[in-house]
Each structure stands twice: as C-alpha cells, then as structure tokens.
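If you're wondering where the values come from, they're calculated on a predicted model, not measured in any experiment. Letters A, B, ... are given to chains in the order of the sequence lines, protein chains preceding strands, and every chain is numbered from 1.
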Number of protein chains: 2
Amino acid sequence: MTDPASPAASDTDDLTDRLRKAGFRITRPRQIILSIIASQAGHPDARDIFQEAVKQDARISLATVYRTMKLLEDEGVIQRHAFEGGPARFEAAEGDHHDHLIDIETGAVVEFTSERIEALQEEIADRLGYEIVHHRLELYGRRKNT
Amino acid sequence: MTDPASPAASDTDDLTDRLRKAGFRITRPRQIILSIIASQAGHPDARDIFQEAVKQDARISLATVYRTMKLLEDEGVIQRHAFEGGPARFEAAEGDHHDHLIDIETGAVVEFTSERIEALQEEIADRLGYEIVHHRLELYGRRKNT
DNA sequence: ATGATATTGAGAACTGTTTGCAATAAGGTC
DNA sequence: GACCTTATTGCAAACAGTTCTCAATATCAT
C-alpha cells in the first residue's frame, strides 16, 4: 500500500487515497467536489461549488456539499473562511498559512503573509496569558488609483 | 452649540442630543437601548441587549434592537463584531481602535492594541495597491496554565 | 392640541447552514 | 460477481441570525 516512489497521478488521487485510508468512502459526490476544489482557484462558497457539482451530476444536493466541506475541513484538506457579510468561503489548504485582503468593491481576495505580524500576534497573546489556537487577519480595502 | 467646557451630564444625554440633532427621534426603546450599551461593559449580542431591554419595557421587540444597533453603527456610536460561529456582538465605540483576543473556552473577549501591527498592515496593503477601509484582527486562544 | 411622519411590534420572510430519515451505494468478504 | 453491512446521500424540514412588511403608535415641530 505504501508506495512513496510511485509518481502521484494527481493531487486528487492522492487525496482520495488519504481519505479512503482515513475510513471514508469515496463516493461520486465526493469525487466531484474534490475535483472542483482542486481545480477551482479562488475562494468559492458552498453555492459556487454546488453549482459546479451539479453540472457534473445533476442529483448532487447542497446538503452534501456542506457535509463534504465539513469533512474536508476536519481532515485539514480545506480551510473555511467567514469573511464579512456573506457565506463561508473555502480554499484548498496548501500548507502555507496566509491572511487575506478583501476588495470591498469586487469581493476579490488577495492573499498575503507577514512573518512579523505573526510574531507580534504571538507576543501579544503571550503577554495576555493566552496561547493562540488560530487567528484571523482580514484587511478590507479598495484598490488605489495609482 | 460647541461648548466643550460644560460638564457632560452623562454620556447618554450627550448621545441623545447628538442623535436628535442628526434628525432621529429619541423614542423610549432607543433610550433604553442606549442606556444599556452605555452601562454594559462587555461585548453583548442582540439577544443580550434585548433581554436587558425587556426588563425595562416588556413590549420592546428584538427587531427594534436590531434596527437600533444598525442605526447606532451607522452613526458611529457602536461597533459591530462578527466573531466566529456566533451572533454579532456590539461594543460602544469609544474612540480608540483595538483588536480582540477571544477565549475559545469561555467566549470572553480581551482587547488589545498594537501600533506595530497596524503599521505593518498599512504597509502590506500599500504594497498590494490597496488602501485599507477597515480590518479585523482576531486571535482565538486559550488561557495558559501558568 | 394637532398633524405629519418616523418608529414601533408582531410576525412573516430570508439567508446560510444543519439535521432527521428513508433510500442508496461503497467497499470488504465470500 | 453477488452479498451484506453501514456510511452516505437526497430531500425536506428545522434551525439561527437577521431583515423586512405593514398597520398601529408615538415623537416632535407647529
């Protein structure tokens, strides 16, 4: 079973293996949803994913999308973001942590990282007697007319 | 009108004047809600405020609480926070900006400020070609057993 | 006191999400 | 491949938080 030398057919195949090993059944809805979040670049919400999924199998339900997102979140496959005034949006968890800048005009999301901010957060929490479990840094702004 | 020397009778009275001058009617529900957010220390949600209000006037409705919170937010009297997985929570806007650390066990909110983080945020947004309209920094953590 | 109209209360409507349940279908076993 | 156990699905109803509709009421200028 453990065959690290074999070239991964695709990320999606890796994922299905991982999920199967975790005891989950790889159902048709799940395959479809996995392929969607693998291809989809941005930060789609449940409805976006549902609409894509329906194209591939008309009988998939929104409830299944939500259930699958929950499962994938628990498994660390995706991350859920609750930006202001809107539905939760999802993003493939590709290792690296990052924060978000949301364009308040278009809803577009720009990702960024800052070691220094991270460090300062730790410092602050520490000073207050807390250890950070997770955090959320969102900048809401509009594009400058340069 | 501008009379900075006169001792303010109370914050609430100042506020009602301000709102009246802005063209709003100072109704009983509004008076009650104002007094609640003036006294209430923490970060109550709409239901908390509603429950307090009902004690003073049993016929106040939750809808009115929501409407009033919206009004007060628009007027800059309060700030609305949407912490993870829960209803919006409100806080009197007392000038100074601050961020929040939320105790994931108790829901308690600790406020903090960091000039340095603020500065870094500006720097990042600037580099990305954006100007920050507002932002949100929330640390979710648990108390350290010192 | 009176009138114009902003505001209210009550409940329906709405959005986003979760859940109960019977029907379906994975995937291990023979 | 057929069979069986049980995880998973689809559907609809339930749910939480919030907003809206609309007739009734109350505020404030006159």
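Protein atom CG of Leu19(B) is 14 Å distant from nucleotide atom C1' of dA6(C), rounded to whole Å. Following rounding to the nearest Å, Phe50(A) (CZ) and dG10(D) (C1') show an atom-to-atom distance of 10 Å. Note: CG (Asp45(B)) to C1' (dG17(D)) measures 10 Å, nearest angstrom. Atom NE2 in His81(B) sits roughly 14 Å away from atom P in dT18(D) (whole-Å rounding). Protein atom CZ of Phe24(A) is 17 Å distant from nucleotide atom C1' of dA25(C), rounded to whole Å. Rounded to whole angstrom, the span from the CD1 atom of Ile26(B) across to the P atom of dC28(D) amounts to 6 Å. Atom CD1 in Ile32(A) sits roughly 15 Å away from atom C1' in dA26(C) (whole-Å rounding). Protein atom CG of Asp57(A) is 10 Å distant from nucleotide atom P of dC11(D), rounded to whole Å.
Judged by closest nucleotide on DNA chain C, Val65(B) is the one of Phe90(A) and Val65(B) placed further toward the 5' end. Of the two residues contacting DNA chain D, namely Leu71(A) and Arg89(B), the nearest-nucleotide position lying further toward the 5' end is that of Leu71(A). Both Arg80(B) and Arg30(A) lie near DNA chain D, and the one whose nearest nucleotide falls closer to the 5' end is Arg30(A).
Taken from CG in Leu139(A) to CG in Leu128(B), the straight-line distance is 8.5 Å, to the nearest 0.5 Å.
Under the 4.0 Å criterion applied to side-chain N and carboxylate O atoms, Arg28(A) and Asp57(A) are assigned as salt-bridge partners. Ion pairing between a basic and an acidic side chain is recognised when a charged N comes within 4.0 Å of a carboxylate O; Glu73(B) and Arg80(B) show such pairing. Salt-bridge formation is detected for the pair Glu138(B)/Arg136(B): a Lys NZ or Arg NE/NH1/NH2 atom is positioned less than 4.0 Å from an Asp or Glu carboxylate oxygen. Under the 4.0 Å criterion applied to side-chain N and carboxylate O atoms, Lys144(B) and Asp126(A) are assigned as salt-bridge partners.
Distances from the side chain of Thr68(A) to the nucleotides dC28(D), dT9(D), dA26(D) place dT9(D) closest. Looking at the side chain of Arg25(A), the nearest of the listed nucleotides dG9(C), dA4(C), dA25(C) is dA25(C). Nearest nucleotide to the side chain of Thr64(B), out of dG10(D), dG9(C), dT17(C): dG9(C). Nearest to the side chain of Pro87(B), among dT18(D), dT27(D), dT8(C), sits dT18(D). Of the candidates dC28(D), dT9(D), dG11(C), dG11(C) carries the atom nearest the Ala63(B) side chain, counting heavy atoms from C-beta on. Considering only the side chain of Tyr66(B), dT19(D) comes nearest among dT19(D), dG10(D), dT17(C). Comparing dG27(C), dG10(D), dA26(C) by their closest approach to the side chain of Thr27(A) singles out dA26(C).
Residue Arg28(B) places none of its side-chain N or O atoms closer than 4.0 Å to OP1 or OP2 of dT27(D). Between dT9(D) and Arg59(A), no contact under 4.0 Å exists linking OP1 or OP2 to a side-chain N or O.
In summary, the aromatic rings of His100(A) and Phe83(A) are positioned with their centroids under 6.0 Å apart.
Contact annotation for Arg67(A): base contact, defined as any heavy-atom pair under 4.0 Å involving a base atom.
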